[in-house]
2 protein chains.
Amino acid sequence: MAIRTRQSQRRRQALSRERIIEAAVELLDAAGEGGLTVRALTERLATGSGAIYWHVGTRGELLDAATDTVIAAALAAEPARAPDTPQDEIRVVALGLFDAIAEHQWLATQLAIQLTRSPWGPVTLGIFESIGRQVRALGVPQGNWFTATSALVHYILGATIQNAQIGEDTSVAEPDADRADADRAEFLDAASRAWQELDPGDYPFMRAIADQMREHNDREQFLAGIDLVLTGITHLQPPTGQAHIAE
Amino acid sequence: MAIRTRQSQRRRQALSRERIIEAAVELLDAAGEGGLTVRALTERLATGSGAIYWHVGTRGELLDAATDTVIAAALAAEPARAPDTPQDEIRVVALGLFDAIAEHQWLATQLAIQLTRSPWGPVTLGIFESIGRQVRALGVPQGNWFTATSALVHYILGATIQNAQIGEDTSVAEPDADRADADRAEFLDAASRAWQELDPGDYPFMRAIADQMREHNDREQFLAGIDLVLTGITHLQPPTGQAHIAE
DNA sequence: TCCATGTTGGAACACTGCTCCAGACGTGGC
DNA sequence: GCCACGTCTGGAGCAGTGTTCCAACATGGA
């Protein structure tokens with residue numbers, strides 16, 4: 001009988017690369033990067049370490065795969081209503097990444113690691129492609145495509161990395177919205193207060209903007225930055241060197 | 001005699017927080033984040049783990065301190081000739097961070113970690129203050145200070161993180177310049193070639209800009225992005241909501 | 001039926017961060 | 001001179017990690 005249950009169990013939930021990555025993402029969401037240990041994974045999947053190394057390889061490769069999966073999903077997710085202008089599409093992609101990192105905190109670090117280790121790996125490539133297409137659709141002259149795209153992508157990455165929120169417990173998702181907002185306000189208030197108590201000699205600027213921090217919405221602020229870069233792009237001069245005036 | 005040498009050794013190179021951080025930075029530069037182990041540190045400093053925990057605390061705190069130190073040094077380093085416009089000053093600060101991360105690869109990841117864990121810790125604070133002052137000096141209306149500054153900072157962070165180069169051996173520093181340039185060109189060439197072989201259906205944009213990648217200078221590209229954001233800042237509308245027209 | 005191939009679980013190993021503590025150091029009071 | 005006490009040091013030991021290795025299992029085809 002023991003064998004029989006084993007068998008059916010195997011059949012029903014056969015171990016696969018996808019299932020392992022899925023479990024890894026859950027562990028990461030629940031307890032951060034430190035929460036993903038091979039032993040925790042084997043326990044959750046009721047298996048041994050050999051099976052995991054057989055399917056996905058080392059822990060590092062698993063982390064890469066998890067990052068890849070989540071980012072690809074965020075980029076692929078289509079919004080309810082199709083955006084009509086390239087600007088809107090850029091905002092949609094940007095917010096998709098923003099939300100993905102807010103939801104999976106560990107992504108921020110992992111993204112940075114992939115960015116440094118392999119600057120043009122699949123993750124970066126996908127993001128650049130998504131944004132780049134819209135930059136092209138904006139009518140930017142070809143010589144400026146790279147500059148414009150990387151300005152957008154780098155802003156997005158920097159901003160999302162800093163704005164990765166400290167997540168709540170994973171258990172219930174619904175009533176979190178209000179509580180999250182409250183925590184958020186409290187956090188901003190604390191930051192604002194801390195800035196006001198800084199040494200005026202060392203930090204005159206931060207003291208000056210402490211007030212603005214209190215009435216501050218992360219997503220709106222993020223979008224304001226996007227718009228800033230977008231206006232920068234539209235006012236861009238033709239590429240340096242060859243003065244290829246196109247007017 | 002054994003005791004005597006011990007004594008003088010202690011006196012001469014007394015263990016201190018600074019000396020430990022210095023050694024930690026050297027280890028990190030030489031072998032990346034993985035190279036900084038407590039045991040390697042004790043060996044290099046000819047001491048035990050107890051002494052290290054006494055002076056700096058856990059490995060995480062040591063990493064934070066190392067990041068702090070290097071970033072602060074990069075921000076404090078004054079250029080040979082004082083820049084005369086705020087724009088120039090911003091470029092100087094940005095390049096300082098750019099070079100610091102290029103020199104200490106591990107900084108990219110570490111910066112991202114600090115950015116997520118404590119979004120307004122000393123590191124972020126220092127960078128924001130440095131950039132923010134110049135934004136103020138640019139004559140940006142106060143309501144836009146935060147948006148303008150964070151756009152710049154986030155672009156800088158995103159770009160520097162991606163551009164952290166794969167470092168050479170630490171041993172010799174002088175004749176590296178040429179070799180680094182050669183490796184650089186080779187790397188860009190490889191990337192360009194890889195992009196040209198991408199699936200035209202999935203990656204039309206990246207294929208289109210593959211050529212531009214070959215004649216591509218990281219620092220110039222980085223500065224072009226800075227200028228893009230700067231023009232975005234100068235064309236910025238007064239803050240949303242309160243139409244506080246200041247003209 | 002039986003074997004070949006693809007999978008699995010877990011024991012074992014080397015290495016990690018960290019704690020703990022006996023004792024050395026050096027500086028004050030006597 | 002000496003002692004005592006707080007500061008500081010080195011290293012043994014512990015719990016936990018990633019990874020390797022291999023005997024045992026499952027399953028489809030001959």
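The basis for the numbers below is simple: all heavy atoms, side chains too, and nothing from hydrogens, waters or symmetry mates. Letters go in sequence order (proteins before strands), and every chain restarts at 1.
- Going from atom CG of Leu41(B) over to atom P of dC18(C) covers 12 Å, rounded to whole Å.
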Give each protein N/O atom lying under 3.5 Å from an N/O atom of nucleotides 12-16 of chain C, with the pair distance.
none

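- Under the 30°/60° scheme for interplanar angles, the aromatic rings of His216(A) and Phe146(B) are found to stand perpendicular.
- For the pair Gln105(B)/Thr116(A), no side-chain contact is recorded, criterion being any heavy-atom separation below 4.5 Å from C-beta on.
- Salt-bridge check for Glu22(B) with Arg44(B): failed, with every basic side-chain N at 4.0 Å or more from each acidic carboxylate O.
- For the pair Glu43(A) CD and dG18(D) P, the computed distance is 13 Å after rounding to whole Å.
- Considering only residues two or more places apart in sequence or on other chains, Asp202(A) meets the side-chain hydrogen bond (donor to acceptor under 3.5 Å, both in side chains) condition with none of them.
- In this structure, the CG atom of Leu15(A) is 15 Å from the C1' atom of dC25(D), given to the nearest Å.
- Under 4.0 angstrom from either OP1 or OP2 of dT9(D) there lies at least one side-chain N or O belonging to His55(B).
- Taking atom CH2 of residue Trp54(B) and atom P of nucleotide dT7(D), one finds them 6 Å apart after rounding to whole Å.
- Ring geometry for Tyr155(B) versus Phe222(B): interplanar angle under 30°, hence parallel rather than tilted (30 to 60°).
- Distance OH (Tyr53(B)) to C1' (dG13(D)): 14 Å, rounded to an integer number of Å.
- Listed by chain and number, the residues in a side-chain hydrogen bond (donor to acceptor under 3.5 Å, both in side chains) with Asp64(A) are Gln114(A), Arg117(A) (sequence neighbours excluded).
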